[in-house]
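For clarity, every value in this text was computed on a predicted model and none was experimentally measured. Scope of the values below: all heavy atoms of this structure, side chains included, with no hydrogens, waters or symmetry mates. Just so you know, residue 1 is the first one in the sequence shown, and it goes up from there.
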Amino acid sequence: MDRRELLTGLAASALGASVAQGATVSSSVYLELKTWHLHTTHENQGKRVADYLENGLEPALHRAGAALIGAFGNVIGEEGPYYVTLAQYDSLAKMQSALQALEHDSAYQSAVEKLSAGQGLPFVRVESSLLRSFGPHGAAHRAKSESSHLFEMRTYESQSLTSVKRKIWMFEHGEIDIFEKLGMKPVFFGERIVGPKMPCITYMLTFDSLGDREKLWHEFGSSAAWKKLSSNPQLKDAEIVANISNAILRPLKFSQIR
């Protein structure tokens, strides 16, 4: 694939807002990704925030026509302990509508008051990003399993607004397929449109264990399909990925994604 072919592929991919050459483009959803930084102290922040998420935010978002589809605690990652939550909205308009509904939801407001009423601070800080989903599935995969898995959340920072589009093109034209064929179980893929470290992509995979993760990443890196996809000079990591960071997470007991 030369540069002209790559750019043509980008124009015809799901990165555009329209359907190219009769192809069906998956509908994007909007994912609000929050990190709740906690302290392990007498304030019991972990329990307080988990109770608020399970009994306050999750049912309130459901009443408002949105969904808190994932809630996770960190296993491996910097600046722990923390929780990661993933809320899904069908559109920006529906996100705005849901946020307005929360303001007038008395049960939710009571949960907010309860969160703030305990001893000391309920959490250290909250960081939030907004992602626009991409990939063949559009919405995040929410299937539950009989037992909780480990989840890996990865963020790829890109060098420019054009290089991040090339990385998205790679995901949509082979990389996600390789993940699925190897059994790496994608959860979501999103381009950050509000938040730090832009331009960047964040996505999540699930594994049965740390050993399973190590084995599958090795198989991914050595697969013929990945070597072929990444062989083009325009798609080398040095050209499109400036930095990779990741965290290993475990779902909280009420998380829809398990």
Side-chain angles (χ1 to χ4, degrees), residues 1-31 33 129-141 151-207 210 212-248:
M1 179 189 297
D2 60 23
R3 182 177 178 83
R4 179 177 296 179
E5 289 173 326
L6 175 63
L7 293 176
T8 300
L10 280 168
S13 73
L15 299 175
S18 61
V19 177
Q21 297 180 351
T24 300
V25 179
S26 297
S27 298
S28 293
V29 298
Y30 291 85
L31 303 169
L33 188 66
S129 298
L130 185 62
L131 313 177
R132 183 173 54 232
S133 72
F134 64 86
H137 305 301
H141 180 68
F151 291 78
E152 181 174 12
M153 187 170 69
R154 297 170 66 87
T155 295
Y156 291 0
E157 300 169 47
S158 288
Q159 294 90 332
S160 69
L161 296 174
T162 55
S163 60
V164 74
K165 296 300 183 183
R166 277 185 273 166
K167 187 58 192 176
I168 292 173
W169 189 92
M170 284 187 75
F171 276 117
E172 294 189 318
H173 289 79
E175 195 164 348
I176 294 174
D177 288 340
I178 299 170
F179 287 157
E180 293 179 330
K181 287 175 182 177
L182 291 174
M184 295 175 81
K185 303 170 190 172
V187 176
F188 73 86
F189 296 86
E191 179 184 8
R192 189 167 299 173
I193 59 175
V194 179
K197 300 181 179 180
M198 292 174 62
C200 69
I201 293 162
T202 297
Y203 69 99
M204 183 179 282
L205 304 171
T206 181
F207 302 94
L210 288 174
D212 179 53
R213 172 192 175 274
E214 183 176 356
K215 170 179 173 292
L216 289 173
W217 272 119
H218 175 75
E219 291 179 3
F220 173 85
S222 59
S223 70
W226 169 245
K227 290 180 179 179
K228 180 180 179 181
L229 179 64
S230 60
S231 63
N232 187 281
Q234 295 292 324
L235 300 179
K236 295 291 185 183
D237 274 0
E239 295 293 324
I240 57 177
V241 179
N243 187 58
I244 298 175
S245 56
N246 67 340
I248 303 298

Item to complete: Compare every heavy atom of Leu161 with every heavy atom of Pro199, then report the nearest pair and how far apart it is.
Response: CB-CD2, 4.0 Å

Worksheet item: Which heavy atom in Arg213 sits nearest to a heavy atom in Arg154, and how many Å separate them?
Response: NH2-NH1, 4.2 Å

Item to complete: Report yes if the side chains of Thr155 and Asn246 come closer than 4.5 Å at any heavy-atom pair, otherwise no.
Response: no

Fill in: Minimum side-chain heavy-atom gap Leu131-Thr202 below 4.5 Å
yes

Worksheet item: Which residues pass the salt bridge (charged side-chain N to carboxylate O under 4.0 Å, His left out) test with Arg192, sequence neighbours left out?
Response: none

Item to complete: Check salt bridge (charged side-chain N to carboxylate O under 4.0 Å, His left out) between Glu214 and all other residues, then give those that pass, not counting sequence neighbours.
Response: none

Practice prompt. Test Met198 against Glu157 for side-chain contact (heavy atoms from CB on, under 4.5 Å), laying out the working first.
Written response: CA-CA 7 Å; Met198 292 174 62; Glu157 300 169 47; over 6 Å; no

Discussion item. Parallel, tilted or perpendicular, judged at 30° and 60°: which one describes the rings of Trp217 and Phe220?
Written reply: perpendicular

Worksheet, complete the sentence: Heavy-atom closest pair (Glu172 atom, Phe134 atom, distance to 0.1 Å) is OE2-CB, 3.6 Å

Discussion item. Restricting to non-hydrogen atoms, name the atom on Gly195 and the atom on Ser129 that form the minimum distance, rounded to 0.1 Å.
Written reply: CA-OG, 4.1 Å

Worksheet item: Going from CD on Glu191 to OG on Ser158, what distance comes out if it is rounded to the nearest 0.5 angstrom?
Response: 9.0 Å

Worksheet, complete the sentence: Rounded to the nearest 0.5 angstrom, the CD1-CZ distance for Ile193 and Arg132 is 5.0 Å

Worksheet entry | Interatomic spacing from OG in Ser163 to CD1 in Ile168 - rounded to 0.5 Å | 10.0 Å

Item to complete: Could you tell me which non-hydrogen atom of Ile240 sits nearest to which non-hydrogen atom of Gln159, and how far apart they are?
Response: C-OE1, 3.0 Å

Practice prompt. Locate the shortest heavy-atom distance separating Trp226 from Ser230; write the atom from each residue and the value.
Written response: O-OG, 2.8 Å

Discussion item. Would Leu33 and Met153 count as a side-chain contact (heavy atoms from CB on, under 4.5 Å) here? Give the steps.
Written reply: CA-CA 11 Å; Leu33 188 66; Met153 187 170 69; 3.9 Å; yes

Worksheet item: Can you tell if the side chain of Tyr156 reaches within under 4.5 Å of the side chain of Phe171, non-hydrogen atoms only?
Response: yes

Worksheet entry | side-chain contact (heavy atoms from CB on, under 4.5 Å) between Gln234 and Arg166, intermediate numbers included | CA-CA 8 Å; Gln234 295 292 324; Arg166 277 185 273 166; 3.0 Å; yes

Distance-only check: which donor-acceptor pairs under 3.5 Å involve side-chain atoms of residues 175-190, not counting sequence neighbours?
| from | atom 1 | to | atom 2 | distance (Å) |
| --- | --- | --- | --- | --- |
| Glu175 | OE1 | Lys167 | NZ | 2.9 |
| Glu175 | OE2 | Lys167 | NZ | 3.4 |
| Glu180 | OE2 | His137 | NE2 | 2.6 |
| Lys185 | NZ | Asp208 | OD1 | 3.1 |

Worksheet entry | Pair Phe207 + Phe151: ring centers closer than 6.0 Å | no

